[in-house]
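Have a look at the structure below, then the notes.
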Amino acid sequence: MLELIWIVIIGAIVGALAKLLMPGDDPGGFIITALIGIAGAMIATFLGRALGWYQPDEAAGFIASVVGAILILFAYNRLKRPGRSPSV
């Protein structure tokens, strides 16, 4: 039970950092932010294992999790506004 609480807390921190670093109109309250962070960690772990950066029993680190969450927000912003070119 305590592990699940830590997953949600760290997921919320990772998701909040990703939202802070990634500009755009993102969804969110606490639950969505935590889910973005948790999903970012899962994506970072999957990609890291596929690229040989992590062993099968290792998980992604904090920075890789933030990068994974940023990828999710990037994909969300692209899918939310199809046909609009990004402003630079």
Legend entry - For Phe30, side chain to side chain contact (heavy atoms under 4.5 Å, CB included) partners two or more places apart: Val8, Ala12
Legend entry - Set of residues satisfying side chain to side chain contact (heavy atoms under 4.5 Å, CB included) with respect to Ala16, sequence neighbours excluded: Thr33
Inset, instruction - Measure across Val66 and Ala18 and return the closest heavy-atom pair with its distance rounded to 0.1 Å. - result: O-CB, 4.1 Å
Legend entry - Set of residues satisfying side chain to side chain contact (heavy atoms under 4.5 Å, CB included) with respect to Ile38, sequence neighbours excluded: Ile7, Met42
Legend entry - Single-linkage hydrophobic cluster Ile10~Leu17, side-chain heavy atoms < 4.5 angstrom: yes
Legend entry - Within one Ile-Leu-Val-Met-Phe-Trp-Tyr cluster: Leu21 and Ile13, side-chain cutoff 4.5 Å: yes
Inset, instruction - For Leu47, check side chain to side chain contact (heavy atoms under 4.5 Å, CB included) against everything at least two apart and list the hits. - result: Ile43, Leu71
Legend entry - Other residues, nucleotides, ligands: >12 heavy atoms within 6.0 Å of Ile31 CD1: no
Please list, one pair per line, the donor and acceptor atoms closer than 3.5 Å that link side chains of residues 51-63 to other protein atoms, with sequence neighbours excluded.
from	atom 1	to	atom 2	distance (Å)
Glu58	OE1	Gln55	N	2.7

Legend entry - Separation of Ser65 OG from Ile36 CD1 (nearest 0.5 Å): 14.0 Å
Legend entry - Cluster link Ile5 to Ile32, ILVMFWY, side chain under 4.5 Å: yes
